[in-house]
Number of protein chains: 2
Amino acid sequence: MIFPSSTTSLRIELSDKLFLRDPQATDLGRRLVGESIGLIDQIGFEHFTFKKLAQRMESTEASLYRYFENKHRLLVYLVSWHWAALRYQIRFHTHNVADAPERLRLVLRILTQAHHDDPTTTQLDEAALYRIVVSEASKAYLTKEVDSDNQAGLFREYKQLAADIVLIVQEINPQYAYPHALVSTLLEAARKQLFFAQHLPSLTDAPAATAIEQALYAFLENLAFAALMAGSAAR
Amino acid sequence: MIFPSSTTSLRIELSDKLFLRDPQATDLGRRLVGESIGLIDQIGFEHFTFKKLAQRMESTEASLYRYFENKHRLLVYLVSWHWAALRYQIRFHTHNVADAPERLRLVLRILTQAHHDDPTTTQLDEAALYRIVVSEASKAYLTKEVDSDNQAGLFREYKQLAADIVLIVQEINPQYAYPHALVSTLLEAARKQLFFAQHLPSLTDAPAATAIEQALYAFLENLAFAALMAGSAAR
DNA sequence: TTTATTTAATAGTATTACTATCATTTTAAA
DNA sequence: TTTAAAATGATAGTAATACTATTAAATAAA
């Protein structure tokens with residue numbers, strides 16, 4: 001992780017297992033990433049193909065395949081980028097906050113506001129990327145290849161983000177028996193509830209469309225602290 | 001919903017919007033459903049095709065396309081069948097339990113034991129079906145077509161299951177502000193945490209492989225009741 | 001038994017998901 | 001600055017996927 005330079009925003013470094021050739025290293029690669037976010041956001045991951053992307057970029061399929069083995073790997077790259085950016089934001093905003101409950105609240109605020117562009121990291125359309133993360137991130141690991149992909153380190157960013165938050169949870173209540181499950185549930189719920197609010201509203205308690213993020217924050221905060229404070233939570 | 005007859009187990013009736021021709025009505029249709037569960041469980045939904053299924057069944061692609069428009073519709077059908085079966089089980093086991101907290105505990109028990117074959121409904125390999133539900137159910141709605149699919153009624157079973165559980169939650173604490181969000185979070189977490197325990201264990205607190213379901217039940221029970229009992233939960 | 005319905009067999013199309021080859025341009029090293 | 005190396009573009013090609021259409025054969029209903 002490199003600190004933001006004076007001229008440009010921070011550069012997120014991702015494991016070289018996530019690509020064939022580093023897309024951040026070349027102009028075509030950077031355009032690939034930027035335009036793929038636009039296209040996936042527009043038509044969805046299942047309808048997305050490298051051919052369509054190449055047409056949009058006025059490049060060729062073969063050129064794009066030099067960066068990513070296939071579209072699934074590109075998806076893993078994009079969501080990993082998002083997790084890394086979130087992790088960076090969390091560190092940035094919590095590093096001088098001594099109170100652990102307050103740090104957890106900040107984390108939940110950041111999680112529920114992930115659809116806003118963050119001025120410290122934006123070199124990408126993060127709002128579009130977050131829409132992709134909400135709809136498509138689960139597909140990165142819900143495959144028959146999970147175990148080999150996991151062994152190859154493809155999910156490292158997500159696991160590290162979870163691990164960072166687990167530390168806060170454990171600081172709040174070292175006795176709590178399910179810190180990892182709680183954190184992954186919060187991370188997943190933040191996305192799922194937003195999706196439900198937008199598409200399957202009977203599965204959530206979203207109010208008017210504008211206040212979704214406040215309601216979502218309130219739900220997650222309530223859930224997290226209720227779990228951590230409940231007497232029966234300790235073992 | 002029809003009660004179990006003397007000779008055979010209950011027949012789950014699904015909305016006719018879920019198929020082109022009712023697969024329960026013919027021998028080929030029933031084989032389609034049964035064999036597709038085996039094949040999707042084996043190779044995963046992305047690798048599954050009607051051609052492979054036809055080969056396995058010694059039928060033809062064209063015949064199978066008469067039952068379902070495409071493989072996505074088949075997936076929606078299969079997971080809807082599972083939700084309907086769960087709903088039936090829940091009604092069956094809770095209908096004469098007066099105590100709402102006890103009913104919720106029963107629901108969570110059923111949710112975390114969904115991978116066992118239930119003797120009252122088994123005409124399908126429910127263990128294999130539940131493995132599919134865990135890995136693939138989210139893909140039923142995480143598409144660009146969610147809104148039109150939802151309008152067509154494709155997610156009715158899931159929404160009704162959630163609504164049934166919401167009633168219990170509201171009986172336990174009518175003041176609780178997020179009953180729908182809590183229920184959908186519990187439903188999603190039951191699947192996700194099982195998947196994590198099996199494939200990404202650092203995201204959960206699963207113990208030895210054999211005790212996953214007890215640990216998962218304990219986590220969900222703790223979470224649900226902590227949320228419902230917390231003083232701050234009321235608004 | 002005739003008619004209608006369902007299935008099987010076969011074929012065919014457009015798109016997807018790639019891989020290969022080679023010429024050309026861009027970049028980087030000597 | 002030349003020269004070599006690397007990256008891109010252009011073109012082509014293959015196997016698999018996701019279907020649709022047609023016709024014939026089998027089965028069931030009237």
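Since this is a predicted model, take the numbers as computed values, not measurements. In the text below, chain A, chain B and the rest are named by the order of the sequence lines, each starting its count at 1.
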What nucleotide, of C:dA8, D:dA7, D:dA18, holds the atom closest to the side chain of B:T60?
-> C:dA8
Whole-Å distance separating the CZ atom of A:F50 from the C1' atom of C:dT15 = 16 Å
Separation of A:F68 atom CZ from C:dT16 atom C1', in whole Å?
-> 19 Å
Under 4.0 Å between any heavy atoms, over every strand shown, what does B:E69 touch: base, sugar-phosphate, or nothing? Just pick one.
-> sugar-phosphate
Please figure out whether A:R66 or A:H47 has its closest DNA chain C nucleotide nearer the 5' end.
-> A:H47
Among D:dT11, C:dT6, C:dT16, which is the nearest nucleotide to the side chain of B:R21?
-> C:dT6
Among B:D149, B:N150, B:D147, find the residue that satisfies the side-chain hydrogen bond (donor to acceptor under 3.5 Å, both in side chains) test when tested with A:H199.
-> B:D147
Could you tell me whether A:E46 and B:K139 make a salt bridge, using a distance below 4.0 angstrom between a side-chain N and a carboxylate O?
-> no
Within this structure, what is the CG-to-C1' distance between A:D27 and D:dG9, rounded to whole angstrom?
-> 15 Å
Less than 6.0 Å separating the ring centroids of B:F196 and A:Y141?
-> yes
Starting from P on C:dA8, measure out to CG on B:L28 and report it in whole angstrom.
-> 5 Å
Does a side-chain N or O from A:T26 land closer than 4.0 Å to OP1 or OP2 of D:dT8, or not?
-> yes
Hey, do the aromatic rings of A:F219 and B:Y178 have their centres closer than 6.0 Å?
-> yes
Between D:dA16 (C1') and A:K51 (NZ): distance, integer Å = 15 Å
In whole angstrom, give the distance that lies between atom OH of A:Y65 and atom P of C:dC18.
-> 4 Å
Under 4.0 angstrom between A:Y67 side-chain N/O and D:dA7 OP1 or OP2 = no
Do the numbers put B:R109 on top of the ring of B:Y217, so that NZ or CZ is under 6.0 Å from the six-membered ring centre and no more than 45° off the axis?
-> yes
Specify the separation, in whole Å, of atom NZ of A:K52 and atom P of C:dA17.
-> 9 Å
Minimum-distance nucleotide (side-chain atoms of B:K71 versus D:dA18, C:dT7, C:dC18) | D:dA18
Can you check the B:E61 CD to C:dG12 P distance for me, whole Å?
-> 15 Å
Using a 4.0 Å heavy-atom cut-off across all strands, classify B:T49 as base, sugar-phosphate, or nothing.
-> sugar-phosphate
